[in-house]
Q: 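Quick one: the structure is below, questions incoming.
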Amino acid sequence: MSDPRARISSVRVAVVPGPGRSGLLCQLREDGSPTEDPVEVADLVAAIREREGPTGGPPQPRWVWPSAAGLYPALLRAGVRVARCHDVALADALLSGRDAALAETNGARTPVDVAALTWDDDAAEVGGGLLTHQQPLFDPVLAGAPERPDPRDTMNALIDVHADQLGRIGSDEHPGRFSLLVAAESAGALVAAEMSLAGVPWRADVHDALLTDLLGPRPALPGQRPARLADLAAQFAAAFGGTGGPGGPSGGQHARTGKPVNPDSPAQVLQAFAAAGIRLPSTRFAVLRNVDHPAVGPLLEYKELARLHSAFGWTWLDTWVQGNRFRPEYVVGGVVSGRWASRGGGALQIPRLLRRAVVADPGWVLVVADAAQLEPRVLAALAGDRAFAAAAAAGDLYSELATAFGGERRKAKVAMLSAMYGGAGGEAGQLLAVLRQRFPAASGYVEAAARAGEEGRVVRSVLGRTCPPPSANWRSLTEEAADPDGERDPNAGRASRARGRFTRNFVVQSSAADWALVMLVSLRAALTKIATHGESPRVLPSAKPGTPARRQQPELVFFQHDEVIVHCRREQADAVVAAVSQAAAGASRLVFGPTRVVFPLNTSVVDCYADAK
DNA sequence: ACCCCCTGCGCG
DNA sequence: AAAGCGCGCAGGGGGT
C-alpha cells in the first residue's frame, strides 16, 4: 500500500451473500488472490454502502460478484449505488466464447453456474433466471450438493474463478482491449439495473389518448377488437364479395368455419386472395402494397393498427407502465454481437409513434443522443482505410463518399450497406466493385471476415468479443460438400454464404456495440459528477437508507444500440450534453485508439422523445 | 391445457 | 419482393 495510485487500481472486493442479510467480503490483490480471510458481515448492504462511500469520495472498490443482475437490484432498492464491478457471469460468457473457438468442439469449458455462486434465495433466482441455459455446476464443492453450500466454500470458489478469469484476460492477444471489454460489460450490467429501476418516463394518459384516437375507445373486454379494427376487418372481408349473411355468397368467408376471413391469419388471407384469382407469395406489406384489389386498402390499414393494438395497446400499458414509468428488463450481452436484448415489454422495439408518450417530468428534460452512421464509421476505424477514414472525418459520411459514386449519396449508402450486410442484388454488385476499388482496405476488411465465416472460423470485435462457432450441423453440411467424393448438397453453399454474411456483419455490428457500450458506461461515470443544486456532490450527504427523497442526479433511462436518453433537471441539460459528447470522444479513443474517424452524435434536449431529431 | 413453429413486423 | 445483419413479441395453427 505504499503507492496510493496502485491502490486505486487494485482494490477488488469479492462479495458473497449469506443467509438473511449477512454476507462475506474478501479483499483481493491485483492478481485476484485474497489479502485476508473472508470477513463475515451481518448486514451486507450496509457494509457495501460503507465501503463504497459517497460519490466523489475516496476511490471505490471494484466489487467482484457472481452476477450484477442477481445482486445489484436489491442494493439499488436499498439506495446503494456502486461505481465499479467485475461481473463473473458476464466475464465468463466473454471468455468461454473466446475459448470455445480455440478449443473447437471438444475441450469446451464448463460455464460458470452463477446460481451456484449465490446463497441468497432471491439473488439466486434472478441470477439463475438469467442463465437458465447453463446447467452444470462448475464447482466440485457444490456439484450434487442438495443443500445450500457453506458461504465460505462459495467465497473460495468465487475467488478461484475470478483469479482464473484475470489470468485468462491477461493472456488474451490484446489484454488491454479485452479487460476494457470485461470492465465495460460489467459496468453495463450496473447501468441496466439502474435504468430498470429509474424507468422511462411514460405518460399513460398520452399513450391512451393516442390509442383511442387511432383505434376507437378501449373495448370493454380484453379479447374484443376495438371499433376501428372491427370496421376494417369487416371492410376487408366484404371486399371479397361475401356479405357475411347466412346462406349468402361465401367469398369473404372461411371455407371451414364460415366466419369472415380473418385478417390476422396469413393462411386465410392467402386463401381468400387465391379464391379471387390472385396468388401471393406472402402477406407481407411489401407484397400487398403492389396488389390491385379492393381488399388491400383495408387490410394494410388493419395490419398496421392491429400491430399497434396487440403489441403496444392497452394490455401493454397495463402490464408495463406503472406510476408513469416504463420499466423494462435489459439483458446485457443478450445478443451475440454484444448488443443488449430486453425481456418483456418489447423495450427495444418501441414504435416511433409512441415516442409521443415519452415525456419528461415537469422541470425535467430528456437529453436524447444517437450516434450518427455508427456502423460505417466503425468500419472505417477498424480497417484503417485512409481514404475511407478521411470521409469519416466529416459530418455526413455518405455525402463525403458520394463523389466516388458519381455524386450520388444514395448509391454510396447502398454500397456501404451491401458491404456490411453482404447484399449483392440489383445494382449492389456494381456499387461494391466501386467500393472495392476506391476503398480497398475497408472493403477488404469485411471480405476477409466473410471468408473466415464461410470457412467455419470465428471472428472478433475490436475489443475481442468472439462470434459463436458454427454448429455441428453446419460443419457436417459444409464438410460433405468439400469432399470431392461426397454428394454435393446445394444447401452447403447456401449455409456457407449465410455464415459469411453473419461474420461479415458481426465484425462491424459487434465493434459498434463495443463503442456504444464504452460510451454508455463512460457517460454513466460522467453523470455522477454533475452537480445537483449547484453544489458539488462531494459535499452532499450520502444517500440515506430508503432514500425517500427524489434523486436529483441526471439519470440514464434508455439505451438502444446506438442511442441513449438521459432524464435530468432542465438546468443540468447543458452539463449532460457536454458529458455525452465527452463520453463519445472518450469511447472513440479507448476503443479505437488514435484515429481520424469521428463519431458524431445527434443530441437534442427535448420535453418529448418524439421531438428529438 | 400447454408447447412449438411459422409468419409478420417493430426496432437498431 | 429493395436486399443483406441482429433481435423480441403476438397471433395463428398444428401437435400432444
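Per chain, numbering begins at 1; letters A, B, ... match sequence-line order.
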Q: Give Ile350(A) one of three labels, base, sugar-phosphate or nothing, depending on what nucleic acid heavy atoms sit under 4.0 Å from its own.
A: sugar-phosphate

Q: When all nucleic acid strands are considered with a 4.0 Å heavy-atom cut-off, which category describes Gly345(A): base, sugar-phosphate, or nothing?
A: sugar-phosphate

Q: Please report, rounded to the nearest Å, how far the C1' atom of dG12(B) is from the CG atom of Leu417(A).
A: 12 Å

Q: Applying a 4.0 Å non-hydrogen cut-off, can you work out what Phe285(A) is touching in the nucleic acid: base, sugar-phosphate, or nothing?
A: sugar-phosphate

Q: Please check if any side-chain donor atom of Glu563(A) sits under 3.5 Å from a side-chain acceptor atom of Asn602(A), or the reverse.
A: no

Q: With heavy atoms under 4.0 Å as the rule, sort Val336(A) into base, sugar-phosphate or nothing.
A: sugar-phosphate

Q: Using the ring centroid of each side chain, check whether Phe240(A) and His293(A) are separated by less than 6.0 Å.
A: yes

Q: Quick one: is the NZ or CZ of Arg98(A) closer than 6.0 Å to the six-membered ring centre of Phe178(A), and within 45° of its axis?
A: yes

Q: I'd like to know if Arg352(A) reaches the base of dG10(B) with its side chain, counting only an N/O donor and acceptor under 3.5 Å.
A: no

Q: Could you check which of dG11(C), dA1(C), dC7(C) has an atom nearest any side-chain atom of Asn290(A)?
A: dA1(C)

Q: So, Asp611(A) and Arg356(A), do they make that salt bridge, N to O below 4.0 Å?
A: yes

Q: May I ask you to verify if any side-chain N or O of Arg284(A) is less than 4.0 angstrom from the OP1 or OP2 atom of dC6(B)?
A: no

Q: Which ones in residues 196-228 of chain A lie close to DNA chain B, meaning a heavy atom under 4.0 Å from one of its atoms?
A: none

Q: Only one of Trp316(A), Trp314(A), Phe312(A) clears ring pair (Phe, Tyr, Trp, His ring centres under 6.0 Å) with His207(A); which?
A: Trp316(A)

Q: Considering every strand and a 4.0 Å limit on heavy-atom distances, what is the contact class for Arg499(A): base, sugar-phosphate, or nothing?
A: nothing

Q: Would you classify Ser337(A) as touching base, sugar-phosphate or nothing, given that sugar-phosphate means primed atoms plus P, OP1 and OP2, and contacts are heavy atoms under 4.0 Å?
A: nothing

Q: Return no unless some side-chain N or O of Ser265(A) is found under 4.0 Å from OP1 or OP2 of dG13(C).
A: yes

Q: At less than 4.0 Å, is any side-chain N or O atom of Thr283(A) found next to OP1 or OP2 of dG8(B)? Yes or no.
A: yes

Q: Checking contacts here: which listed nucleotide (dG13(C), dG8(C), dA1(C)) is nearest the side-chain heavy atoms of Gln268(A)?
A: dG13(C)

Q: Using the criterion of both pairing distances under 3.5 Å for Watson-Crick and G-U wobble pairs, give all stems of 3 or more consecutive pairs involving DNA chain C.
A: B:1-12 with C:5-16

Q: Under 4.0 Å between any heavy atoms, over every strand shown, what does Asp370(A) touch: base, sugar-phosphate, or nothing? Just pick one.
A: nothing

Q: What is the distance, rounded to the nearest whole Å, between atom CZ of Arg504(A) and atom P of dG6(C)?
A: 13 Å

Q: When you check the phosphate oxygens OP1 and OP2 of dC7(C), does a side-chain N or O of Arg339(A) lie under 4.0 Å from one of them?
A: no

Q: Below 4.0 angstrom, N of the basic side chain to O of the carboxylate: do Asp396(A) and Arg409(A) qualify?
A: yes

Q: Going by the side-chain hydrogen bond (donor to acceptor under 3.5 Å, both in side chains) test, name the single residue among Ser588(A), Ser461(A), Ser510(A) that passes it with Trp515(A).
A: Ser588(A)

Q: When you measure from the side chain of Arg307(A), which nucleotide among dG12(B), dC7(C), dG10(B) comes out closest?
A: dG10(B)

Q: Start at the 5' end of DNA chain C and walk down; is the nucleotide closest to Ala311(A) or to Val291(A) reached first?
A: Val291(A)

Q: Taking 4.0 angstrom as the limit, do Arg228(A) and Glu301(A) come out as a salt bridge?
A: yes

Q: Is Asp318(A) salt-bridged to Arg218(A), going by a charged N under 4.0 Å from an acidic O?
A: yes

Q: Given dC9(B), is OP1 or OP2 found less than 4.0 Å from the side-chain N or O atoms of Lys303(A)?
A: yes

Q: When you check the phosphate oxygens OP1 and OP2 of dG4(C), does a side-chain N or O of Asn505(A) lie under 4.0 Å from one of them?
A: no

Q: Closest-nucleotide mapping onto DNA chain C: is Gln509(A) or Ala347(A) further toward the 5' terminus? I mean the 5' end.
A: Gln509(A)

